[in-house]
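Notes for the one structure printed next.
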Amino acid sequence: MMNFNDMFDVTGKVVLITGGAGGIGRGIAGAFVAGGARVYIASRSDLTEDAEELSKYGVGECIGLQADLARDEDIISLTKQIKERENKLHVLVNNAAIANLIHQFEDFPIDDFDTLIRVNLRAPFALIKECLPLMSQTGTAEAHASVINIVSVDGIRIAGDNDWAYGLSKAGLAHLTRQLAGREGAKHGRNSGRHITYNAIAPGPFPGMLDRLLETEEGRKAVGAATVSGRVGRPEDIGAACIYLASRAGSYVTGVVLPIDGGLLVGTKANS
Ligand SMILES: NC(=O)c1ccc[n+]([C@@H]2O[C@H](COP(=O)([O-])OP(=O)(O)OC[C@H]3O[C@@H](n4cnc5c(N)ncnc54)[C@H](OP(=O)(O)O)[C@@H]3O)[C@@H](O)[C@H]2O)c1
């Protein structure tokens, strides 16, 4: 008999979200707290107040940790702090990123390239590696563990804004997602008793990095007009997708890059 009970249940899950107090991160953290999860958010800032605020979203709780993901030692100490408090990690969301290092390709400073790749691609690679032992002991055939990488539509389309390293970093992270997902069926994964799914979400226009463009009603309308939905995304749109991927509802989904973009990638002028 089919079982539709608790399909989207994330009660009691332990979740780590990098950049969890940012525009999109807040939507992800809020969704898991609302669903009853224990959520760790981490970034360079002191997130104590943000965590208190996010804890009000539901029966779960939110705890703020501090880490600069550009620093290897911070990635190790962040994972150590989780391991000291938890013996399981059900969900890792690599959400923190930087953008807006904009130069003509011919003038692009290689140091800017390194800075961006370090945070957007190297850090998720290292954090997944550090968290794997904890996640390996967590996922079961009935309740998988889940790595969710937040990428971007700009890692799928060719954006025209001279942010040369950003799209590249996101395309790289999407590829890492597929590589890791594919490996799970082999000797390191399911056959060794490990149950982890790896998926990526590619947001279209959302609050956060685009805040300056979205300050005015005019700006929001202009940005939203590029989508089929005709609006800018809401942080909870990404939160809901993460709940799907991390709960039993998403247990048969791995290795996908899911655009949550209001149809930005498929929209044509002819539709409008
Ligand atoms: N908003 C959009 O339109 C959009 C579109 C496509 C994809 N995305 C993706 O969605 C994700 C979230 O973006 P957002 O729009 O919510 O941006 P945001 O509001 O700027 O949030 C980014 C978060 O990353 C953290 N962060 C940056 N550098 C860090 C570092 N070195 N170490 C630790 N944390 C760091 C920031 O916190 P601290 O400053 O405290 O470190 C911040 O919380 C990103 O992966 C982004 O690429 C966003």
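Side chains included, hydrogens not; waters and symmetry mates left out as well; all remaining heavy atoms used. Note that ligands are numbered from 1 as they come in the structure, with each ligand's atoms numbered from 1 the same way.
- In this structure, R234 does not pair ionically with E236, as no charged nitrogen and carboxylate oxygen lie closer than 4.0 Å.
- Within the structure, every pair that satisfies the salt bridge (Lys or Arg N to Asp or Glu O under 4.0 Å) test and touches residues 19-33, not counting sequence neighbours, is listed here: R26-D50.
- Sorted pairs that involve residues 73-99 and meet ring-ring contact (aromatic ring centres under 6.0 Å, His included), not counting sequence neighbours, are lacking altogether.
- Under the 3.5 Å distance criterion, with hydrogens and angles disregarded, a donor-acceptor pair is assigned to the side chains of E86 and Y40.
- A salt bridge does not link D261 to R157: none of the charged nitrogens lies less than 4.0 Å from a carboxylate oxygen.
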Report all N/O contacts between ligand 1 and the protein shorter than 3.5 Å as a table of atom names and distances to 0.1 Å; if there are none, say 'none'.
residue, atom, partner, partner atom, Å
ligand 1, 1 (N), F206, O, 3.0
ligand 1, 1 (N), P207, O, 3.4
ligand 1, 3 (O), G204, O, 3.4
ligand 1, 3 (O), F206, N, 2.9
ligand 1, 3 (O), F206, O, 3.2
ligand 1, 15 (O), M209, N, 2.8
ligand 1, 16 (O), G23, N, 3.2
ligand 1, 16 (O), I24, N, 2.8
ligand 1, 19 (O), G23, N, 2.9
ligand 1, 28 (N), R44, NH2, 3.3
ligand 1, 31 (N), D68, OD1, 2.9
ligand 1, 32 (N), L69, N, 2.8
ligand 1, 37 (O), S43, OG, 3.4
ligand 1, 39 (O), R44, NH2, 3.0
ligand 1, 40 (O), S43, OG, 2.7
ligand 1, 40 (O), S45, N, 3.1
ligand 1, 40 (O), S45, OG, 2.4
ligand 1, 41 (O), R44, N, 2.9
ligand 1, 41 (O), R44, NE, 2.7
ligand 1, 41 (O), R44, NH2, 3.4
ligand 1, 45 (O), N95, O, 2.7
ligand 1, 45 (O), K170, NZ, 2.8
ligand 1, 47 (O), Y166, OH, 2.5
ligand 1, 47 (O), K170, NZ, 3.0

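- Each side-chain hydrogen bond (donor to acceptor under 3.5 Å, both in side chains) pair with one or both residues in residues 202-219, not counting sequence neighbours, appears once here: E217-R220.
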